[in-house]
Peer 1: 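Below is one structure. I have some questions about it.
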There are 2 protein chains.
Amino acid sequence: MSVITKVTTYDFRFPTSATFSGSDAMNPDPDYSSAYVVVSTDAGDSGNGFVFTIGRGNDVVVRAIDSMSETLIGRNVEELLDNMRLAWDLFVRDSQLRWLGPEKGVEHMAIGAVLSALWDLKAKRAGKPLWLLLSEMEPEELVATLDFRYLTDALTAQEAIDILRAAQEGKAERIAHLKEVGYPGYSTAAGWLGYSDEKMVRLAKQETEVMGFKQIKLKVGQNLEDDLRRLKLAREAVGPDIAIAVDANQVWDVPQAIEWIGKFKDYDLAWVEEPTCPDDVLGHAAIQKAIDPIPVATGEQMQNRVMYKQYLQAGSFKVMQIDATRVAGPQEIVLEYLLAKKFGVKVCPHAGGVGLCEAVSQLAMFDYVSVSGEMEDRVVEYVDNQHEYFVHPTVIKNGRYVAPLTPGNGTEMKIDECMKYLHKD
Amino acid sequence: MSVITKVTTYDFRFPTSATFSGSDAMNPDPDYSSAYVVVSTDAGDSGNGFVFTIGRGNDVVVRAIDSMSETLIGRNVEELLDNMRLAWDLFVRDSQLRWLGPEKGVEHMAIGAVLSALWDLKAKRAGKPLWLLLSEMEPEELVATLDFRYLTDALTAQEAIDILRAAQEGKAERIAHLKEVGYPGYSTAAGWLGYSDEKMVRLAKQETEVMGFKQIKLKVGQNLEDDLRRLKLAREAVGPDIAIAVDANQVWDVPQAIEWIGKFKDYDLAWVEEPTCPDDVLGHAAIQKAIDPIPVATGEQMQNRVMYKQYLQAGSFKVMQIDATRVAGPQEIVLEYLLAKKFGVKVCPHAGGVGLCEAVSQLAMFDYVSVSGEMEDRVVEYVDNQHEYFVHPTVIKNGRYVAPLTPGNGTEMKIDECMKYLHKD
């Protein structure tokens, strides 16, 4: 038996705003940041988790994580790791903490970091990467860790077991295939609004011709003429066989979104991402209906599973974009994948930032192996940012995420090298 | 000209869990708490605001407020108070802070506390209670402080001006009438789940016969037989002329809510409050449709105006329950009232806690004077909790909130007396 002895947090802020990397219509000057946590035990091992933010307020997330240490320290590690539903309930169902959301924003993301750290520890002790640990759990065992509160009008525990059970067939072949070819990615590197046309075109060529990505994404929504010019230049640069998506980062109201996207009809877009506020289930449904057949995509700022449920019920999008650190860790993300499978919507995760590629690609791989069984019509976002600060950074080969084999969730940071970016009050 | 010189925060936690006051199906042991802020100027005056929480995590809200001091300190006070839209934009539209929500949870509530403090200072300098300050602003002047982003498919700035302009007629009479008779309240004092039948009956009689309230509310949702027995006892205690509402505090899933509330059909309920997760627009719409004509009520944990917009668009409730400290201060609450007026839904604010009665009753009074023009079919919640810690506590007379005449938002606390409840890490 071992117990949790320490919860260590770090407020890391990388000064990315200096280069306009990450700039879009809503976020002109993000400083990519990580509210990073290490949960240590008296057995000498540890698990790590984090929340990605874009600067100011990262300290508030760190504080929320710190506040959870009193619940964690002294706790029996095996009891928690063998019953991750207990760990979920300790925080997500803490009624006093719940008041701060409920299940959204700073507190929910902080809980996600802590639960991710516990899953990381569980995977490390099992000697498996997280995607494989999740994939090899028995359907009943995995479902026992999940909280179906507020979902049962759309998905029950029994339905979840049935979905996972059905995917047992061919699982070994999919694991082998995944290890061989990797999971498809797409690149946002060329698309930031702060970049010149010349830089955008150069990067679009590089990402497709050199890196091998089959899809790129451009930021839009600040100026319509700029958008149309950049779309035309990008298409000329990458040719007809590369998919192009656009991303408005929530800059429009519903009527404006419908009007603006209407101008994109001739550009053969893979999707239009975040046309408006992520809280607006009905607004996105209206937009999806109006711009059909262009798919609406959203999710990177979707607060929890109850919102995904409604987006699926209302037909508010055709592309679901989960995020690794917006919700309460791997358990909530597994629920999101199960919901998507039930409703037949494809998932193309949001990534980039600091550590999001490392974290979310493992969940996508779990989905391919154990839930949807599909990956060739799906893509995980990729941006080449801050990967050098990770002990086992994401590896891209021929435009695809190589399946990691190292035990854990893959998001362990090189603490010593990050310390120069430690934010002090 | 004066400048902001100091932002002082307090983490006050009252040990209310010891008495089961505040206990319900979701919150068995709340410790009523206040993340309280005082914004001081070099002119020697100050404004105060707060977020109500129920214990753990109150420190995280305090931290979020503290983080905003760097933006506030040194700022020209008159410039902010004369242009409260600027103050809103400084925080709600800060793209880095926005990432932490967007516009929800800890960060959004903390912004609400700061904006409330600025409105308090503005009202104090004008020598008026907040309800009167808001009521006497010209429609164009008030609307200029409001952010219609994400609302224009339901309410435009011009429509808001039209609503306020139409309510100019009879305003002076309504102000006089309000000062004379006060605003109707209702009592939740009897209804906590932790109370015995005997205590519930005694308090139900006291609240109606002695205090003069025309409506009471009981907590439900833990055990159906208990609910039905308590409803029967309460009805016998208060007689046929007193309205009775029930409150499930989000304990049900959608199918369960419909089934459970079906058993209440014969009890002539004023409303069923918080049947499920406040994020579930479509779920509430399904419940409202199924239990009609019993009204669904919700809002105390509604994260922002975009959710209210959708509840109104989808017909998800018949009673809208705003809260004083869940959203970004008076400006967002004014938008909520304008949306309710546009869609013809009545608003019965959530209160209780620490300071919520003091804060929200002033917004309800503004609505009566300047937006809906109605109050006799509306009620503001009242619970007799912690009022003794306020410099100008809410006064109830004949079951109605007396209109306050003291300048400010009415939520100034007796700091010295609260210090014994200051939480230390």
Side-chain angles (χ1 to χ4, degrees), chain A residues 26-31 33 52-64 67 70-71 94-110 148-154 250 253-256 276-283 286 301 303-304 306-307 309-310 313-314, chain B residues 26-31 33 52-64 67 70-71 94-110 148-154 250 253-256 276-283 286 301 303-304 306-307 309-310 313-314:
Chain A
M26 283 294 267
N27 306 295
D29 56 354
D31 284 322
S33 302
F52 168 65
T53 82
I54 61 171
R56 282 184 292 280
N58 201 50
D59 54 314
V60 181
V61 183
V62 166
R63 174 66 192 222
S67 291
E70 67 179 290
T71 305
D94 177 316
S95 66
Q96 296 191 4
L97 294 184
R98 192 175 183 280
W99 186 271
L100 305 178
E103 300 189 38
K104 58 182 64 79
V106 167
E107 191 64 36
H108 201 54
M109 294 192 283
F148 289 82
R149 177 180 267 179
Y150 304 138
L151 295 185
T152 59
D153 53 328
Q250 310 174 23
D253 276 25
V254 174
Q256 193 188 12
T276 189
C277 175
D279 305 344
D280 202 342
V281 178
L282 302 177
Q301 295 191 3
Q303 66 205 32
N304 60 38
V306 179
M307 296 304 286
K309 177 186 78 166
Q310 294 177 84
Q313 289 172 323
Chain B
M26 283 295 268
N27 306 295
D29 56 354
D31 284 322
S33 303
F52 168 65
T53 83
I54 61 170
R56 282 183 292 280
N58 201 50
D59 54 313
V60 181
V61 183
V62 166
R63 174 66 192 224
S67 291
E70 68 179 288
T71 305
D94 177 317
S95 66
Q96 296 191 4
L97 293 184
R98 191 175 183 280
W99 186 271
L100 305 178
E103 299 189 41
K104 58 182 66 76
V106 166
E107 192 63 38
H108 201 54
M109 294 192 284
F148 288 83
R149 176 180 270 181
Y150 304 139
L151 295 184
T152 58
D153 53 327
Q250 310 173 23
D253 276 26
V254 173
Q256 193 188 11
T276 190
C277 174
D279 305 344
D280 202 342
V281 178
L282 301 177
Q301 295 192 3
Q303 65 204 32
N304 60 37
V306 179
M307 297 304 288
K309 177 186 78 166
Q310 294 177 84
Q313 289 172 322

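Treat the numbers as computed from the prediction; the structure is a model and nothing was measured. Any value given below was found using the heavy atoms of this structure, including those in side chains, with hydrogens, waters and symmetry copies removed. Within every chain, numbering begins at 1; the chains are lettered A, B, ... in the order of the sequence lines, protein sequences first and strands thereafter.
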Peer 1: Side chains of B:Asn27 and A:Arg98: closer than 4.5 Å at any heavy-atom pair?
Peer 2: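 B:Asn27 does not reach A:Arg98 side chain to side chain.
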Peer 1: Do B:Pro28 and A:Ser95 touch side chain to side chain, with heavy atoms closer than 4.5 Å?
Peer 2: yes
Peer 1: Quick one: does any side-chain atom of B:Tyr150 pair with a main-chain N or O of A:Gly283 as donor and acceptor, under 3.5 Å?
Peer 2: no
Peer 1: Heavy-atom cut-off 4.5 Å, strictly under: side chain, backbone, both or neither for A:Pro30 against chain B?
Peer 2: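 For A:Pro30, the backbone is the part near chain B, not the side chain.
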Peer 1: Is A:Met307 in contact with chain B via its backbone, its side chain, both, or neither, using a 4.5 Å heavy-atom distance?
Peer 2: side chain
Peer 1: Select one option (side chain, backbone, both, neither) describing which atoms of A:Asn304 are under 4.5 Å from chain B's heavy atoms.
Peer 2: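 Interface part for A:Asn304: side chain.
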Peer 1: Report yes if some heavy atom in the side chain of B:Pro278 is under 4.5 Å from a heavy atom in the side chain of A:Pro102; otherwise report no.
Peer 2: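 SC-SC contact between B:Pro278 and A:Pro102 confirmed.
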Peer 1: Heavy-atom distance under 4.5 Å to chain B: side chain of A:Ala314, backbone, both or neither?
Peer 2: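 Contact with chain B involves both backbone and side-chain atoms of A:Ala314.
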Peer 1: Side chain, backbone, both or neither: which part of A:Phe52 has a heavy atom under 4.5 Å from chain B?
Peer 2: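 Looking at A:Phe52, backbone and side chain both touch chain B.
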Peer 1: At a heavy-atom separation under 4.5 Å, does B:Gln250 approach chain A through its side chain, its backbone, both, or neither?
Peer 2: both
Peer 1: So for A:Glu70, is it side chain, backbone, both, or neither that comes closer than 4.5 Å to the heavy atoms of chain B?
Peer 2: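 For A:Glu70, there is no contact with chain B at all, as no heavy atom is under 4.5 Å.
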Peer 1: Under 4.5 Å between any side-chain heavy atoms of B:Val106 and A:Val61, yes or no?
Peer 2: no
Peer 1: Which bit of B:Val281 comes within less than 4.5 Å of chain A, counting heavy atoms only: side chain, backbone, both or neither?
Peer 2: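 Contact with chain A involves both backbone and side-chain atoms of B:Val281.
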Peer 1: Considering only heavy atoms from C-beta outward, does the side chain of A:Asp253 approach that of B:Asp153 to under 4.5 Å?
Peer 2: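 No; the side chains remain at least 4.5 Å from each other.
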Peer 1: Counting C-beta onward and ignoring hydrogens, is there a side-chain heavy-atom pair between A:Glu103 and B:Gln301 closer than 4.5 Å?
Peer 2: no
Peer 1: Which region of A:Gln303, side chain (C-beta onward) or backbone (N, CA, C, O), has a non-hydrogen atom less than 4.5 Å from a non-hydrogen atom of chain B, or is it both or neither?
Peer 2: side chain
Peer 1: Using the salt bridge (charged side-chain N to carboxylate O under 4.0 Å, His left out) criterion, which residues pair with B:Asp94? Sequence neighbours excluded.
Peer 2: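 Residues passing salt bridge (charged side-chain N to carboxylate O under 4.0 Å, His left out) with B:Asp94: A:Arg56.
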Peer 1: Taking the side chain as everything from C-beta on, heavy atoms only, tell me whether A:Asn58 gets closer than 4.5 Å to B:Gln96.
Peer 2: no
Peer 1: Sequence neighbours excluded, which residues qualify as salt bridge (charged side-chain N to carboxylate O under 4.0 Å, His left out) partners of B:Lys104?
Peer 2: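 For B:Lys104, the residues satisfying salt bridge (charged side-chain N to carboxylate O under 4.0 Å, His left out) (neighbours in sequence not counted) are A:Asp279.
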